[in-house]
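Since the structure comes first, as structure tokens, the remarks are kept for the end.
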Amino acid sequence: MTKKIAVLPGDGIGPEVTAEAGKVLECLRREFGLDVETEQAPVGGTAYDAHRHPLPDVTLKLAREADAVLLGAVGGPRWDALPMAVRPEKGLLGLRAGLGLFANLRPAILYPQLASASSLRPEVVAGLDILIVRELTGDIYFGEPRGTRTLEKGERQAYNTMVYSEHEIARVARVAFDAARRRGRKVCSVDKANVLEATVLWREVVTHVAREYPDVELSHMYVDNAAMQLVRAPKQFDVIVTGNMFGDILSDEASMLTGSIGMLPSASLDARNKGMYEPIHGSAPDIAGKGVANPLATILSAAMMLRYTLGAAPLADRVERAVSTVLDQGLRTADIHTEGTKRVGTREMGDAVVAALAAQAK
Ligand SMILES: NC(=O)c1ccc[n+]([C@@H]2O[C@H](COP(=O)([O-])OP(=O)(O)OC[C@H]3O[C@@H](n4cnc5c(N)ncnc54)[C@H](O)[C@@H]3O)[C@@H](O)[C@H]2O)c1
Ligand SMILES: CC(C)[C@H](C(=O)O)[C@@H](O)C(=O)O
Ligand SMILES: [Mg+2]
């Protein structure tokens, strides 16, 4: 049966990078019989401009009815002064919560061709293959109470609440342990249990769940140390599981180990592996509209969609191989460009991936 993909390009470079992933899906349809149809809807600032809401009902409905969602990015300075409730980022958070996407998989893999694009020495990152499992629908992002109040003497005070319930921790921990079983059988749980009660519970529950997985080694690390270890000796990690905010920060940090934030895809999954797929980067206002953004994170996110939701792992392998081929050809967008390689724009990079894919069909 034809699978339906909701494509939500969003803001800034979002439309530029999703267009390239769209070409890749089209090529898979044409050359390899992938049975999908796509439909677009607005999200983020562009949705606010058209509908006065960053997540219009039509978009949430389309996302709910689709088999999978492919999202670009949201946000930008144009909308930064809006009230929090209608900021573009709320559109994204609304999708994650509305679709129950509690597990966010962010693989940080170094393509060997990009060893010299990493900000770390090649020997520190060679062979890097980490999976960050970020909890995505809890924590300080969604905790109540939140808001701003005025104190007696007229001073304003703002507050957010870090909250985790046992079931929220246990279900994402299981995702991490299950993933570790398919890889290096090591999970490092990252928290701030020396200070924050919510993460004392986090550590307790993860430790409890680990008993179901005697074949997986569990370790714990405070988040400040984890941030340091990620740049000191990143290959010590296999799977990292952590809360929403720590995962947000650590995954941007980990992306630089692979050469660029423009290389890191993600899958946000519910309990049945229905999912939303998006690069981990944002709308990059500083380069939006210039045709220079790296589309590979979004193309690799489409590959994750093929693997996790569409049951088409062989096609996911093909897309990842095509990405490797274009890197072998020496093609680089500005963010991963190094001496001796050829600088290309967003479209050229997407076209090259499509050509490499089509060549596999010959
Ligand atoms: N998932 C999302 O939609 C998402 C994620 C992060 C940030 N944002 C939003 O994006 C806006 C900008 O945020 P920011 O500047 O902090 O983060 P950002 O990720 O958009 O950009 C950070 C830096 O990385 C570069 N970069 C990002 N993606 C790139 C790509 N594909 N190719 C080449 N370079 C790339 C940018 O040019 C910029 O210099 C904000 O409104 C923020 O809220 C959205
Ligand atoms: C835009 C923002 C809400 C989002 C987050 O913090 O989750 C982004 O940084 C991400 O990593 O997807
Ligand atoms: Mg982020």
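Just so you know, these numbers come straight off a predicted model, no measurement behind them. For ligands, and for the atoms within them, numbers begin at 1 and follow the listed sequence.
- Judged by distance alone, with hydrogens and angles left aside, the side-chain atoms of Arg318 form no donor-acceptor pair with the main-chain N or O of Ala303 at under 3.5 Å.
- Taking the Mg ion (ligand 3) as reference, the nearest N/O/S atom within Asp248 carries the name OD1.
- Residue, atom and distance of the protein heavy atom nearest to atom 6 (O) of ligand 2 are Tyr141 OH, 2.5 Å.
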Close N/O pairs between ligand 1 and protein, under 3.5 Å:
| unit_1 | atom_1 | unit_2 | atom_2 | d |
| --- | --- | --- | --- | --- |
| ligand 1 | 1 (N) | Glu278 | OE1 | 3.1 |
| ligand 1 | 3 (O) | Val74 | N | 2.8 |
| ligand 1 | 10 (O) | Val74 | O | 3.4 |
| ligand 1 | 10 (O) | Ser283 | N | 3.1 |
| ligand 1 | 10 (O) | Ser283 | OG | 3.2 |
| ligand 1 | 19 (O) | Gly282 | N | 2.7 |
| ligand 1 | 20 (O) | Gly282 | N | 3.4 |
| ligand 1 | 20 (O) | Ser283 | N | 3.3 |
| ligand 1 | 20 (O) | Ala284 | N | 2.8 |
| ligand 1 | 28 (N) | His281 | ND1 | 3.4 |
| ligand 1 | 31 (N) | His281 | NE2 | 3.1 |
| ligand 1 | 31 (N) | Asn294 | O | 3.0 |
| ligand 1 | 32 (N) | Asn294 | N | 2.9 |
| ligand 1 | 37 (O) | Asp286 | OD1 | 2.7 |
| ligand 1 | 37 (O) | Asp286 | OD2 | 3.1 |
| ligand 1 | 39 (O) | Asp286 | OD2 | 2.7 |
| ligand 1 | 41 (O) | Gly76 | N | 3.1 |
| ligand 1 | 41 (O) | Glu89 | OE2 | 3.1 |
| ligand 1 | 43 (O) | Glu89 | OE2 | 2.5 |

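- In this structure, Lys235 does not pair ionically with Asp129, as no charged nitrogen and carboxylate oxygen lie closer than 4.0 Å.
- Ranking protein heavy atoms by distance to atom 12 (O) of ligand 2, first place goes to Arg96 NH2, 2.7 Å.
- In this comparison of His281, Arg106, Glu89, Lys90, the heavy atom closest to atom 10 (C) of ligand 2 sits on Arg106.
- In this structure, a donor-acceptor pair under 3.5 Å is absent between the side chains of Asn273 and Thr309.
- Checked against a 3.5 angstrom limit, the closest N/O atoms of Glu278 and ligand 2 fall outside it.
- Looking at Asn160 and Tyr141, their side chains never bring a donor and an acceptor atom within 3.5 Å of each other.
- Ranking protein heavy atoms by distance to atom 8 (C) of ligand 2, first place goes to Asp248 OD1, 4.0 Å.
- Contact check for Pro295 versus Thr333: side-chain heavy atoms found under the 4.5 Å cut-off.
- Proximity of a side-chain donor or acceptor of Ser266 to a complementary backbone N or O of Glu278 within less than 3.5 Å is detected.
- Side-chain contact between Val175 and Phe102 is present, with at least one heavy-atom pair separated by less than 4.5 Å.
- Between Glu217 and Arg185, none of the side-chain N atoms (NZ, or NE/NH1/NH2) sits under 4.0 Å from a carboxylate O, so this pair counts as no salt bridge.
- Under 4.0 Å is where a charged nitrogen must lie from a carboxylate oxygen, and between Arg121 and Glu123 at least one such pair does.
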